[in-house]
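What follows is a short report on a single structure.
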Amino acid sequence: MCNCQKTNENFSYDIIKTDKHTGARRGVLHTPHGDIQTPIFMPVGTAATVKSVLPSTLKEIEAQIILSNTYHLYLRPGSDIVEKAGGLHKFMNWDRPILTDSGGFQVFSLGALRKISDDGVIFNSHIDGSRHIFTPESVMEIERQLGADIVMAFDECTAFGTEYAESKIAMERTLKWLKRCFESKHNDKQMLFPIIQGNMYEDLRIESVKATSEFAQCGIAIGGLSVGEPAEVMYKMLDLLQPFYPEKMPRYLMGVGTPDYIIEGVMRGVDMFDCVLPTRIARNGTAMTSNGSVTVRNANYKEDFTTLDSECDCYCCKNFTKAYLRHLVNTNEILACTLLSIHNIRFLLKLTENIRKAIENDNLLEFRKQFYEKYYGKLLQN
RNA sequence: GGGAAGAUUCCCGAGCGGCUAAAGGGAGCAGACUGUAAAUCUGCCGUCUUCGACUUCGGUGGUUCGAAUCCACCUCUUCCCA
């Protein structure tokens, strides 16, 4: 019996299995550029490139969908250029699904350069200081020009520690903007994902998830988490939200990418994750491996002629030693960025692949236990 | 043979009587990184277990309350003239 939720001809989500013990979901999201098996990790390619990794390599390591960014592409090269190029897929030579973030996060992370009002955000470019305005309408237009499969609503993300009153205003503003995003978007080839906000305040989060769900058509996102709060706080928020999501849609936890956050997220009903972490730490000389984090740059790998991760099937792990990788990192060679990025992305993709298998076998709890023992060298709480 | 400049902590290089264990780079070592203003950023970097103590600025000997800094000689380096 198909339980798929048809939203339009181009998008639908099937839940093909639910883990008996945790309720974690194994699903498939259908998009115009192909299917996405969930739970999934999505590599981030902010400026229309996953830094230092070829699209062909991303396919080899089985990346199913990648992110790109509205704010950054709007500034450079300009969303009109991308549109003239035939859209983002063509421009960057990636024919699988793409998700574009709206720039809401940049409004947050480039905080010093902007001014927010109900109408939108006036901000100065971090590149040349020039003044620009983002409104829900303009962001939807930019995302239309870029042409990603999934487009994020324009939201306001608040920092951990933001006071209640301010968080409430931001959450309510995000809802108002959401309504305008939907009103200004007329394109069945793109799926708009609304974003839940509300900082760490339970009533705000619940209000946000309820109202946001009204708009969700085939996917909903959880924003404003993993912004510096303790892990337990984030887990608590995810627990809180879980009863309120639209049932048969994928849930996307934005900006999350450590292995434990991903596993804990899946156990709390999340289906999609993205994070710059694997590529950023790669460029800074660190790898995630099945035996835990490895700072390849460290001196103790100088004469370590073993592979980075014997359980990994990526190009880096099949062909190079830690001593060589350390040498590349140490001499500031570009190849270090590439090889470690390939590995780290593959590691998280493989993690989500294993999670999917575990769900299929009603085995997620046992998988989690074994993974933690190996990765963190300890048993975690239940 | 004659003249000139110089020798500083792993390297380069500032300092030119006390505020100097000695600027700044580099190298080295470690840490951070979570919807990418990040191939970035932070810390350590003479020795000792910390406050602190001790040993350092080519060598030796002086001047001085006090010297990496001033003087003498020695050693070595570089440059110019024969």
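Every value quoted in this text rests on a predicted model; they were computed, and no experiment measured them.
Atom CD1 of Ile81(A) has more than 12 neighbouring heavy atoms from other residues, nucleotides or ligands inside a 6.0 Å radius. Residue Lys236(A) qualifies as open at atom NZ: its count of foreign heavy atoms under 6.0 Å is 12 or below.
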Inset, instruction - For Glu137(A) and Ser184(A), run side-chain hydrogen bond (donor to acceptor under 3.5 Å, both in side chains): C-alpha distance rounded to whole Å, both residues' side-chain angles, the deciding distance at 0.1 Å, then the answer. - result: CA-CA 6 Å; Glu137(A) 292 78 15; Ser184(A) 64; 5.2 Å; no

Inset, instruction - Would you please test Tyr13(A) and Thr38(A) for side-chain hydrogen bond (donor to acceptor under 3.5 Å, both in side chains) and show each step? - result: CA-CA 10 Å; Tyr13(A) 185 59; Thr38(A) 69; 2.7 Å; yes

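For Asn69(A) and rG35(B), the shortest distance from a side-chain N or O to OP1 or OP2 is not below 4.0 Å. Between Gln106(A) and the phosphate of rU36(B), there is a side-chain N or O to OP1/OP2 separation shorter than 4.0 Å. OP1 or OP2 of rA37(B) lies within a sub-4.0 Å distance of a side-chain N or O belonging to Ser109(A). An OP1 or OP2 oxygen of rA27(B) is reached within less than 4.0 angstrom by no side-chain nitrogen or oxygen of Asn330(A). The shortest distance between the side-chain N/O atoms of Ser226(A) and the OP1/OP2 oxygens of rU34(B) is not below 4.0 Å.
Residue Ser52(A) is classed as having no contact, given no heavy-atom separation below 4.0 Å to the nucleic acid. Looking at heavy-atom distances under 4.0 Å, Glu229(A) makes no contact with the nucleic acid at all. Using a 4.0 Å heavy-atom criterion, one finds that Leu67(A) contacts the sugar-phosphate atoms exclusively. Residue contacts shown for Phe108(A) are absent, as no nucleic acid heavy atom lies under 4.0 Å away. Within 4.0 Å (heavy atoms only), Gly45(A) reaches no atom of the nucleic acid at all. Contacts of Ile195(A) with the nucleic acid, taken as non-hydrogen atoms under 4.0 Å apart, include base atoms. Across all strands, Arg326(A) comes closer than 4.0 Å only to sugar-phosphate atoms, never to a base (heavy-atom distances).
The residue among Ser68(A) and Ile334(A) whose nearest nucleotide of RNA chain B lies closer to the 5′ end is Ser68(A). Along RNA chain B, the nucleotide nearest to Tyr71(A) and the one nearest to Leu225(A) differ in position, and the one closer to the 5' end is contacted by Leu225(A).
Taking atom P in both rG17(B) and rC70(B), one finds a spacing of 7 Å when rounded to whole Å. Rounded to the nearest Å, the gap between the C1' atom of rG62(B) and that of rA67(B) is 12 Å. Comparing the same atom, C1', in rG2(B) and in rC57(B) gives a spacing of 31 Å after rounding to whole Å. As rounded to the nearest Å, rC73(B) and rG3(B) have P atoms that lie 13 Å from one another. Between rA5(B) and rU55(B), the distance separating the two P atoms is 35 Å to the nearest Å. The C1' atoms of rG43(B) and rC33(B) are separated by 15 Å, rounded to the nearest whole Å. Comparing rU34(B) with rG46(B), their C1' atoms are spaced 40 Å from each other, to the whole Å. Only the P atoms considered, rU50(B) is 30 Å distant from rC41(B), to the nearest whole Å.
When the nucleotides rA39(B), rG35(B), rC33(B) are ranked by their closest atom to the side chain of Leu277(A), rC33(B) comes out on top. Comparing rG31(B), rA30(B), rG35(B) by their closest approach to the side chain of Cys275(A) singles out rG35(B). Between rU36(B), rU34(B), rA30(B), one nucleotide has an atom nearer to the side chain of His72(A) than all others, and that is rU36(B). The side chain of Arg280(A) sits closest to rU34(B) out of rU34(B), rA30(B), rG35(B). The side chain of Asn298(A) sits closest to rG31(B) out of rU36(B), rU34(B), rG31(B).
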Inset, instruction - Using a 4.0 Å cut-off on protein heavy atoms (strictly under), produce a 5'-to-3' string for nucleotides 40-45 of chain B with B for base contact, S for backbone-only sugar-phosphate contact, and - for none. - result: B-----

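Per the geometry, CD1 belonging to Ile281(A) stands 11 Å off P belonging to rU34(B), to the nearest Å. Rounded to an integer number of Å, the gap from OH of Tyr301(A) to P of rC29(B) is 13 Å. In this structure, the CG atom of Asn300(A) is 7 Å from the P atom of rA30(B), given to the nearest Å. The CG atom of Leu335(A) sits 13 Å away from the C1' atom of rA39(B) (whole-angstrom rounding). Following rounding to the nearest Å, Leu73(A) (CG) and rG35(B) (P) show an atom-to-atom distance of 16 Å. Leu339(A) places its CG atom 17 Å from the P atom of rA39(B), with the value rounded to the nearest Å.
Residues Tyr375(A) and Asn291(A) bring no donor and acceptor atom of their side chains to less than 3.5 Å of each other. One side chain, Thr306(A) or Asp304(A), offers a donor N or O that lies under 3.5 Å from an acceptor on the other. Side-chain atoms of Asp35(A) and His30(A) form a donor-acceptor pair, as typed in the model, at a separation below 3.5 Å. For the residue pair Asn69(A)/Gln106(A), the side-chain donor-acceptor check at 3.5 Å is satisfied.
Contacts with RNA chain B (heavy atom under 4.0 Å) in residues 145-164 of chain A: Asp155(A), Cys157(A), listed by number. Of the residues in residues 115-135 of chain A, His126(A) come within less than 4.0 Å of RNA chain B through at least one heavy atom, sorted by number.
Of all nucleotides present, only rG59(B) satisfies the Watson-Crick or G-U wobble test against rC73(B), with each distance under 3.5 Å. The pairing partner recorded for rU47(B) is rA53(B), the criterion being a Watson-Crick or G-U wobble arrangement whose two distances lie under 3.5 angstrom. rU78(B) and rA4(B) make up a base pair, with Watson-Crick or G-U wobble contacts both under 3.5 Å. rA68(B) is unpaired under the criterion used here, namely a Watson-Crick or G-U wobble arrangement in which both key atom distances are under 3.5 Å. The nucleotide rU34(B) finds no pairing partner, because no Watson-Crick or G-U wobble arrangement with both distances shorter than 3.5 Å includes it. Here rC10(B) sits opposite rG26(B) as a Watson-Crick or G-U wobble pair (both hydrogen-bonding atom distances under 3.5 Å).
Between Tyr71(A) and Tyr74(A), the distance from one ring center to the other does not fall under 6.0 angstrom. In this structure, Phe320(A) has its ring center closer than 6.0 angstrom to the ring center of Tyr315(A). Between Phe215(A) and Phe182(A), the distance separating the two ring centers is shorter than 6.0 angstrom. Aromatic pair Phe134(A)/Phe123(A): centroids less than 6.0 angstrom apart.
In the hydrophobic cluster analysis, where Ile, Leu, Val, Met, Phe, Trp and Tyr join through side-chain heavy atoms closer than 4.5 angstrom, Leu58(A) is grouped apart from Ile334(A).
The shortest distance between side-chain heavy atoms of Val296(A) and Thr286(A) does not fall below 4.5 Å.
Between Phe371(A) and Phe347(A), the ring-plane angle classifies as tilted under the 30° and 60° cut-offs.
Residue Gln37(A) is tested with Arg356(A), Glu353(A), Arg26(A) for a side-chain hydrogen bond (donor to acceptor under 3.5 Å, both in side chains); the sole match is Arg26(A).
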